[in-house]
Amino acid sequence: MNVLALLQRKLQEALSGLANDPAAYSGMLKPAQDTRFGDYQANCAMPLAKQLDKKPPEIARAIVERLHLEDVLEPPTIAGPGFINLKLRDEWLARQVRAMTKGDRLGVAPVENPRTFVVDFSSPNVAKPMHVGHLRSTIIGDALARLLRFLGHNVVTDNHLGDWGTQFGILLYGYKNFLDASAFAADPVGELARLYVHVRKQMKKVVNAQGEEEEDANDPIAQAARAETAKLHSGDTENLNLWQQFMPHCYEEIERIYRRLDVCFDHTHGESFYQPMLADVVRELRLHNIAQESEGAVAVFFGEKDSPALIQKRDGAFTYTTTDLATIRYRLEQWNPHAILYVVDFRQGLHFKQLFDIVRRWGYEKIELQHISFGSVLGEEGRPISTREGTGALLDSLLNEAVAAAARVYEQNQAEETSQLSDEERRRIHEVVGIGAVKYADLSQNRTSDYRFSLKKMLAMDGNTATYMQYAYARNRSIFRRGNIEVAAMRNDPPPVLLTVGEERSLALQLLRFHNALLVAAAEYKPSAITGYLWDLAKTYSGFFQNCPVLKAETAELRQSRLLLCDLTARVIQRGLDLLGIRTVERM
RNA sequence: GCGCCCGUAGCUCAGGGGAUAGAGCAUCGGUUUCCUAAACCGGUGGUCGCAGGUUCAAAUCCUGCCGGGCGUACCA
């Protein structure tokens, strides 16, 4: 049940005789900002009164008279300059919450018109170890895919690995010139990482016009690395063999991380997969005069003042624009999606703007292309973390630290509930709590803001964190253990819900908002809408837990009712966290 | 130069036309015969970068300025 949508629909009906464009005003119905005003508020009377040259309270009264929701709402009140304050009837609220227990969708109906989404996320350069910079794309993309799927859409996840670009030229150059063969035999992934960083460091830096350091394109090593890339792309046997030798180790490394993060993909078509299609793309774009030769390269031009996008370099190598174009065509042919979502750092905004522009000119007009951009990862001091240096801030060690921090908190906790657990169970709890903390720290932040990487903040386990939700969940489950409650029976035959005190009512109201929170998160592609909702829910539940005895409730009916509210809360928390890719534990 | 983004409490950030601007952390104080204190309750803390404008109503929209980040032809 989506309460907000119901109220807005009814408001729109009520407005149909009053306003010319009711839809423009029905959106002005929102959850109340202050609970003293009620549960929801409609702010449309003021602008409408202005338009009709009437007094706002008069219009508000007219709206209220036409709003036929007597079974849903208490009589609405009009306050201040013309706010219409709405409060749900307790009986109605109780019935709706009870209805949520049926099935496993928690009142969230699948969308009426399912769409097909391709979600392109994570996409690391596999030539180097995964870095905290890869975290955002990976977990935001995974969360969006989970959410869209739950809402009933068709979702294809595709990890567009960087397995064919310049970074492999660097590896090839490093392998040929600086290889430590015994190190490679012992730890191929580690040696490849070392080579990558080593070669990068050899390259000269120049100071540009803005006085900043940047890489010198004329540096001999940079040129040599580019030449290795070009040879690989043109089918050089030696380079191709080396590449094939490197790849399994690269896969192994990223797979290990994905297993730990509980992230998986339907497809892993890296850049190399599209390599055979690239020459065709360039040929076609030239044929249609979308691309032209320019300064020895092949480029697509935009406005006078805008810089072009290269689809083939002077040395013959293709660029990631070319690969992305081939990828779009492949995805269209393969899955015929309504939309492709690219979960990528905002710094690639221009690339996607150009890419989408080229796709339109190429003739693909219907497909929705979205750059789901997110702020870049900054270091503790606020400067962007360089992914090129390759040192420090490795994803793997971050996860280890998070799990260790969770273990420390756990060991300090003297709770009777957890004192008897086996080592294996404890390790599992540390892992779930630690990884959850890292994921949540990222997901709870507004996607579009820059992300200041703070180990302390990421490992925080109080406040608005996954741990807080997991803890609320674990305490909740403990009630059912201690009471020997059969949840299945209760879910099949839910008892009536009684709202006798404010804490019960607030909890019921918050539970009913789950559906809308998911829709907002999906509409804006913002997982933070889910974390915000869960934080409110868990806080509301904590108030309930504190003040409302469940097993020792005054009457059997009240006990049943509260058990139902508890069970529903646990299920919503668990499902909400699940949509974020975060797990729960039964005790902690 | 041009383009995109950001400036809100000591710190990290929500809110992006609506009532007295919110939260977490930090700080100060209180709560455990009671289903997990990884919890709860309360206090302190704000010229919403600055200046104009639009509006019944601006932190929110528009313009300009100041400060910061990022991008801008052969990295991805």
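Residue numbers start from 1 in every chain, and the chains themselves are labelled A, B, ... in the order their sequence lines are given, proteins ahead of strands. Worth saying up front: this structure is predicted, and the values here are computed from it rather than measured.
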- Query: Between A:Ser506 and A:Gln510, does any side-chain donor sit less than 3.5 Å from a side-chain acceptor?
  - Reply: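 Note: A:Ser506 and A:Gln510 side chains miss the donor-acceptor criterion.
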
Among [options], which is the nearest nucleotide to the side chain of [X]?
X	options	result
A:Trp535	B:rA76, B:rA23, B:rU72	B:rA23
A:Ala297	B:rC40, B:rC35, B:rC74	B:rC74
A:Val433	B:rA38, B:rA73, B:rC40	B:rA38

Rounded to whole angstroms, how far apart are [atom1] on [X] and [atom2] on [N]?
X	N	atom1	atom2	value
A:Met461	B:rA38	CE	P	13 Å
A:Gln354	B:rC4	CD	P	14 Å
A:Gln348	B:rG3	CD	C1'	16 Å
A:Leu86	B:rA19	CG	C1'	15 Å
A:Met588	B:rA38	CE	C1'	6 Å
A:Asn446	B:rA23	CG	C1'	14 Å
A:Phe83	B:rA19	CZ	C1'	5 Å
A:Arg587	B:rA39	CZ	P	20 Å

Between the side-chain atoms of [X] and the base atoms of [N], is any donor-acceptor pair under 3.5 Å?
X	N	answer
A:Gln33	B:rA19	no
A:Tyr471	B:rA38	no
A:Arg36	B:rU20	yes
A:Ser294	B:rA73	yes
A:Gln41	B:rA19	yes

- For A:Leu350 and for A:Thr418, find the nucleotide of RNA chain B with the closest heavy atom, then tell me which residue's nucleotide is more 5'.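 Result: A:Thr418.
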
- Lys/Arg-Asp/Glu bridge criterion (N-O < 4.0 Å) met for A:Arg426, A:Glu431: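 No, no charged N to carboxylate O under 4.0 Å.
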
- Message: Please tell me if A:Gln167 has a side-chain N or O lying less than 4.0 Å from either OP1 or OP2 of B:rA76.
- Response: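 Negative; the distance criterion is not met.
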
Under a 3.5 Å cut-off for both contacts, is [N] paired Watson-Crick or G-U wobble with anything, and if yes, with which nucleotide?
N	value
B:rC50	B:rG64
B:rU33	none
B:rC2	B:rG71
B:rG16	none

- Message: Base, sugar-phosphate or nothing for A:Asn85? Non-hydrogen atoms, less than 4.0 Å.
- Response: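 Here A:Asn85 touches the bases of the nucleic acid.
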
Write down the distance separating the [atom1] atoms in [N] and [M], rounded off to the nearest Å.
N	M	atom1	value
B:rC48	B:rG7	C1'	10 Å
B:rC13	B:rC6	P	14 Å
B:rG67	B:rU54	P	28 Å
B:rA14	B:rA21	C1'	11 Å

- Item | Beyond-backbone contact of A:Phe480 with A:Asn476, side-chain heavy atoms, under 4.5 angstrom |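 Yes. Closest side-chain heavy atoms under 4.5 Å.
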
- Relative to A:Tyr40, does A:Arg513 satisfy both conditions: NZ or CZ under 6.0 angstrom from the six-membered ring centre, and within 45 degrees of the ring's axis?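 Yes, A:Arg513 and A:Tyr40 form such a contact.
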
- Going by ring centres under 5.5 Å and near-parallel planes (under 30°), is A:Tyr468 stacked on B:rA38?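 No, A:Tyr468 does not stack on the base of B:rA38, since the centre distance and plane angle fail the 5.5 Å and 30° test.
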
- Task: Kindly confirm whether the side-chain ring of A:Phe37 is stacked on the base of B:rA19, judged by centres under 5.5 Å and planes under 30°.
- Result: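 Answer is yes, a stack.
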
- Task: Classify the ring geometry between A:Phe352 and A:Tyr342 as parallel (under 30°), tilted (30 to 60°) or perpendicular (over 60°).
- Result: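 Rings of A:Phe352 and A:Tyr342: tilted, 30 to 60°.
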
